[in-house]
A.B. asks: 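Supplied in structure tokens, the structure appears directly below.
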Amino acid sequence: ISEANPSGKVLTLQETLAILEQPDVIFLAADASSAARWMAEAREAGYDGAFVGGPKLGSSLVPDIAGQASEEAVFVSHFPPLSDDAGFVEGYRELSGGAPPGPEAEWAFSTANRLLGAMEEVTLGLGEPSRAGVLEALSVEAGDELEVFVYMIRAGEVYASYMPDGMGSD
């Protein structure tokens, strides 16, 4: 875009699409509602290429706002897919006033539990918590490296397209 837009002016989505003449892919690095609005606007402007983005595209707001325009959008995330734990989903809905858990919900819950467990472990072992003790209890073991998951929106739902070995169904 910088070669086609030497002025450096911030372009609207429509101006960008006109300059790029139907790009194959639009990468959306934005919050969920902005990305969804841009998807809808791009489709209205005649764009028929793919949308790719980060974890914010996993929000239920994206298909709610963009509708059919979000169909087959692909995004990557370090958040693993939600488990099939009905108890977690039900408990989340109770606390959230009925909203479904988003892509970060289960990860945040398990991370908070890991932190609380580390604090309890250090407190029981030393009689009081210490920052160094909690950091040691939280240290990452070999094999606990960050994983990346690929998702796709289909029929208004988010589906995992790729999961590292050992995750999901065969």
A.B. asks: Distance check, rounded to the nearest 0.5 Å: Glu157 atom CD versus Ser60 atom OG?
C.D. replies: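 Rounded to the nearest 0.5 Å, the CD-OG separation comes to 9.5 Å.
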A.B. asks: Measuring from atom CZ of Arg114 to atom CD of Glu121, what distance do you get when rounded to the nearest 0.5 angstrom?
C.D. replies: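 Interatomic distance, Arg114 CZ to Glu121 CD, rounded to 0.5 Å: 10.5 Å.
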A.B. asks: Among residues at least two apart in sequence or on other chains, which ones pass side-chain contact (heavy atoms from CB on, under 4.5 Å) with Val76?
C.D. replies: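 Result, side-chain contact (heavy atoms from CB on, under 4.5 Å) vs Val76: Val148, Val150.
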A.B. asks: Between Ser34 (side chain only) and Asp31 (backbone N and O only), is there a donor and an acceptor less than 3.5 Å apart?
C.D. replies: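 Pair absent, no side-chain N/O of Ser34 close to backbone of Asp31.
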A.B. asks: According to salt bridge (charged side-chain N to carboxylate O under 4.0 Å, His left out), does anything in residues 50-59 pair up with another residue at least two apart or in another chain? List the pairs.
C.D. replies: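 Applying salt bridge (charged side-chain N to carboxylate O under 4.0 Å, His left out) to every pair that reaches into residues 50-59, excluding sequence neighbours, yields Lys56-Glu104.
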A.B. asks: Pair Leu115, Met119 - check side chain to side chain contact (heavy atoms under 4.5 Å, CB included), show working.
C.D. replies: CA-CA 6 Å; Leu115 175 60; Met119 292 170 66; 4.1 Å; yes
A.B. asks: Show me the side-chain donor-acceptor pairs of residues 86-93 shorter than 3.5 Å, one per line, residues at least two apart or across chains.
C.D. replies:
| unit_1 | atom_1 | unit_2 | atom_2 | d |
| --- | --- | --- | --- | --- |
| Arg93 | NH1 | Gly98 | O | 2.8 |

A.B. asks: Out of curiosity, Ser70 OG to Met152 CE, how far, rounded to the nearest 0.5 Å?
C.D. replies: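 Ser70 OG to Met152 CE: 11.5 Å, rounded to 0.5 Å.
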A.B. asks: List the atom of Phe75, the atom of Gly54, and the distance in Å for their closest heavy-atom pair.
C.D. replies: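 Distance-wise, the nearest heavy atoms are CB-O, 3.3 Å.
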A.B. asks: Any chain of hydrophobic side-chain contacts (each under 4.5 Å) joining Leu126 to Leu138?
C.D. replies: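 Yes: a chain of side-chain contacts under 4.5 Å links Leu126 to Leu138.
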A.B. asks: Show every donor-acceptor pair shorter than 3.5 Å between a side-chain atom in residues 41-52 and any protein atom, with sequence neighbours excluded, or say none if there are none.
C.D. replies:
| unit_1 | atom_1 | unit_2 | atom_2 | d |
| --- | --- | --- | --- | --- |
| Arg43 | NH1 | Tyr47 | O | 3.0 |
| Arg43 | NH1 | Gly49 | O | 2.9 |
| Arg43 | NH2 | Gly49 | O | 3.1 |
| Tyr47 | OH | Asp24 | O | 3.3 |
| Tyr47 | OH | Ile26 | N | 3.3 |
| Tyr47 | OH | Ala50 | N | 3.0 |
| Tyr47 | OH | Ala50 | O | 2.7 |

A.B. asks: Say whether Leu57 and Phe27 are linked into one hydrophobic cluster, either directly or through other cluster members, by side-chain heavy-atom distances under 4.5 angstrom.
C.D. replies: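 As far as the 4.5 Å side-chain criterion goes, Phe27 and Leu57 are not connected within one cluster.
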A.B. asks: With sequence neighbours excluded, tell me which residues meet side-chain contact (heavy atoms from CB on, under 4.5 Å) with Leu61.
C.D. replies: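 Partners of Leu61 by the side-chain contact (heavy atoms from CB on, under 4.5 Å) criterion, ordered by chain and then number, come out as Ala32, Ser59, Ile65.
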A.B. asks: At their closest point, which heavy atom of Ala66 faces which heavy atom of Ala36, and how far apart are they?
C.D. replies: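 The answer is CB-O, 3.4 Å.
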A.B. asks: So Glu72 and Ile153, do their side chains get closer than 4.5 Å, heavy atoms only?
C.D. replies: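 Result no, sub-4.5 Å side-chain heavy-atom pair not found.
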A.B. asks: Applying side-chain contact (heavy atoms from CB on, under 4.5 Å), name anything that partners Thr123, two or more places apart in sequence or on another chain.
C.D. replies: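 For Thr123, the residues satisfying side-chain contact (heavy atoms from CB on, under 4.5 Å) (neighbours in sequence not counted) are Pro129.
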